[in-house]
Amino acid sequence: MPFQESFKERFKTEARRMLQRRRNALDYLSSPGPAMGETPKRLLHRRGTLSLYHYHSTADEVYRVPILLVMATTNRAYLFDLAKGQSLIEFLLHRGYDVYVIDWNPPTHAEKHLKIENYVLDFLPDCVRRVQQDAGVEEVTLVGYCMAGILACIYAALHPNAPLKNLVCFTTPIDWSQLGWAKALADPNSLDIDELVERLPIIPAKMIENSFDLLRPAGRVAGWLRLWDNLWDEQYVRGYRMMTGWGADSLPLAGDYYRQLTKELVWKNGLVEGTLRIGGRLVRLEKIKVPLLHILAEHDTLVPPASGEPLLKMVGSTDKEEMIIPGGHVSLVAGPSAIKRMWPSLDLWLGKRSI
């Protein structure tokens, strides 16, 4: 009898899930994805590929030092603000932080010659100044995700007297020799980067996406299989739609910027080797003296911890910490794991250094 009852319960559960799969599948195919990036904000400044936003405070008491979040140049910043209850920005606002965000727009044809210099010698300093003026403060905490972490580090290294209170990096690749995908996609023996940029002065986002798909051809199929297996779970489907929607909403890159990244970081590993020059000046990470936090994802296949770990050894900060938290490249920042692990850890670190 116990076996028969157990079998009946399992049958009922699977039958119920089949009905839920059918309903959720119809909803998935016939409705738009969940709305994202809806935390109230105002546009503080925009020019070309750059948009600077200020989010409306929600706490009665706000920390003195504002936070300037910077998204990777290939992605949209609403990863920081997926949905109510799943938004890093919403969390930070509730915890009493004054939050600003740099988001990127597709570079126009007129911006095809953008280089790292434009980001670290113009865009970042200009936005830091605007945050200072808008918030009425002297110091700002700069937070960069992935490639934006590199830009933030270069900016901090080239501006040792910048008005930075803290520097925080999420999954930032420093040692590019540890990135197998980068070497596979940009093998100097098979890639003529100068010819590519001559033909494509703006590198299409789809080209970059397709290149990654070639490295993991079964990745999309595996994702669809996991979706089917969990199609009965509305929360899973909602999360899947948000993550895949954000992942597909990637940005093209200015050709000269792409060429510079390929030559100086992928091929020469310029940050680790100490050969990277920006605006004619050598980038020396030991020039960074401000408190530094680098958060890495234990199961990150895009930026494995081995690629990010040299940062702590190379900077000159005395107050510095590295956290390796379970999760992947994206789930470190957004999703259930981020809510439980990364966000509280970030708050604990920042709170002591934002007064």
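Because only heavy atoms are used, hydrogens play no part in the values below, and waters and symmetry mates are left out as well, while side chains stay in.
Among W181, Y145, F170, the single residue meeting the ring pair (Phe, Tyr, Trp, His ring centres under 6.0 Å) criterion with H329 is Y145. Under the side chain to side chain contact (heavy atoms under 4.5 Å, CB included) rule, M147 has a single partner from L265, T171, V303, which is L265.
No donor-acceptor pair under 3.5 Å is formed between the side chain of R46 and the backbone N or O of S51. No side-chain donor-acceptor contact under 3.5 Å links Q133 to the backbone of R130. W176 places no side-chain N or O within 3.5 Å of a backbone atom of L271 that could act as its donor or acceptor partner.
Nearest heavy-atom pair, Y119 versus P125, reported as atom, atom and distance to 0.1 Å: O-CD, 4.1 Å. Taking every heavy atom of both residues into account, L292 and C169 meet most closely at CD1-SG, 4.5 Å. Looking at every heavy atom in both residues, T49 comes nearest to P106 through OG1-C, 4.3 Å. In this structure, I174 and P310 approach most closely via the heavy-atom pair CG2-CB, 4.2 Å. Among all heavy-atom pairs drawn from R47 and D122, the shortest one is NH2-OD1, 2.5 Å. Nearest heavy atoms, N105 versus G48: ND2-O, 3.0 Å.
In this structure, OG in S331 is found 9.0 Å from CZ in R341, a value given to the nearest 0.5 Å. The CD atom of E298 lies 10.0 Å from the OG atom of S337; values are rounded to the nearest 0.5 Å. Atom OG of S317 is separated from atom CG of L293 by 11.0 Å, given to the nearest 0.5 angstrom. Note that the CD atom of Q86 and the CD1 atom of I339 stand 5.5 Å from one another [nearest 0.5 Å]. Interatomic distance, C127 SG to D134 CG, rounded to the nearest 0.5 Å: 11.5 Å. The CD atom of E309 lies 5.0 Å from the CD atom of E322; values are rounded to the nearest 0.5 Å.
Heavy atoms of other residues, nucleotides or ligands lying less than 6.0 angstrom from NE2 of H109 number 12 at most. Within 6.0 Å of NZ in K115 there are 12 or fewer heavy atoms belonging to other residues, nucleotides or ligands. Other residues, nucleotides and ligands contribute more than 12 heavy atoms inside 6.0 Å of the CD atom of E321. Residue-environment remark: CZ (R199) stays at or below the threshold of 12 foreign heavy atoms within 6.0 Å.
A salt bridge links D194 and K263; the closest N-O separation between the charged side-chain nitrogens and carboxylate oxygens is under 4.0 Å. Ion pairing of E138 with K165 is absent here, as no side-chain N (NZ or NE/NH1/NH2) approaches a carboxylate O to less than 4.0 Å. One finds a salt bridge joining D319 and R353 here, because a Lys/Arg side-chain nitrogen approaches an Asp/Glu carboxylate oxygen to under 4.0 Å. Between K41 and D103, no side-chain nitrogen of the basic residue sits less than 4.0 Å from a carboxylate oxygen of the acidic one, so the salt-bridge criterion is not met. At a threshold of 4.0 Å, the pair K84-E90 counts as salt-bridged, since one of the basic side-chain nitrogens sits closer than that to a carboxylate oxygen.
Side-chain contact check for L261 versus V266: every heavy-atom pair is 4.5 Å or farther apart. Using a 4.5 Å heavy-atom cutoff, the side chains of D192 and L196 are not in contact. Looking at I288 and L164, their side chains never come closer than 4.5 Å, going by heavy atoms from C-beta outward. Residues P66 and V137 are in side-chain contact: their nearest non-hydrogen atoms beyond the backbone lie under 4.5 Å apart. Two residues are said to be in side-chain contact when any heavy atoms from C-beta on lie closer than 4.5 Å; Y97 and I89 fail this criterion. F123 is not listed as a side-chain neighbour of L151, based on a closest heavy-atom distance of 4.5 Å or more. With contacts defined as side-chain heavy-atom distances shorter than 4.5 Å, the pair L191/T262 qualifies. Side chains of E117 and D256 form no contact here, defined as non-hydrogen atoms less than 4.5 Å apart.
Between the side chains of H113 and N118, no donor-acceptor pair of N or O atoms lies under 3.5 Å. In this structure, a donor-acceptor pair under 3.5 Å is present between the side chains of Y257 and T73.
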Given I154 and L276, is the side-chain contact (heavy atoms from CB on, under 4.5 Å) satisfied, shown in steps? CA-CA 10 Å; I154 296 173; L276 180 63; 3.8 Å; yes
Evaluation steps, side-chain contact (heavy atoms from CB on, under 4.5 Å), between L82 and S87: CA-CA 5 Å; L82 281 181; S87 164; 5.9 Å; no
Could you walk me through whether K320 and H294 pass the side-chain contact (heavy atoms from CB on, under 4.5 Å) check? CA-CA 8 Å; K320 53 187 176 180; H294 193 187; over 6 Å; no
M323 vs L332, test: side-chain contact (heavy atoms from CB on, under 4.5 Å). Steps then yes/no. CA-CA 11 Å; M323 298 181 187; L332 177 82; over 6 Å; no
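In the hydrophobic clustering of ILVMFWY residues, with side-chain heavy atoms under 4.5 Å counting as a link, L312 and V283 come out together. Note on L93: it clusters hydrophobically with W349, by side-chain heavy-atom contacts below 4.5 Å among ILVMFWY residues. Both I193 and L114 belong to a single network of hydrophobic side chains, linked directly or stepwise wherever heavy atoms of I, L, V, M, F, W or Y lie under 4.5 Å apart. Neither V65 nor V290 shares a network with the other; the hydrophobic side chains, linked directly or stepwise wherever heavy atoms of I, L, V, M, F, W or Y lie under 4.5 Å apart, form separate groups for each. Under the 4.5 Å side-chain heavy-atom criterion for ILVMFWY residues, no single connected hydrophobic cluster contains both Y258 and I202.
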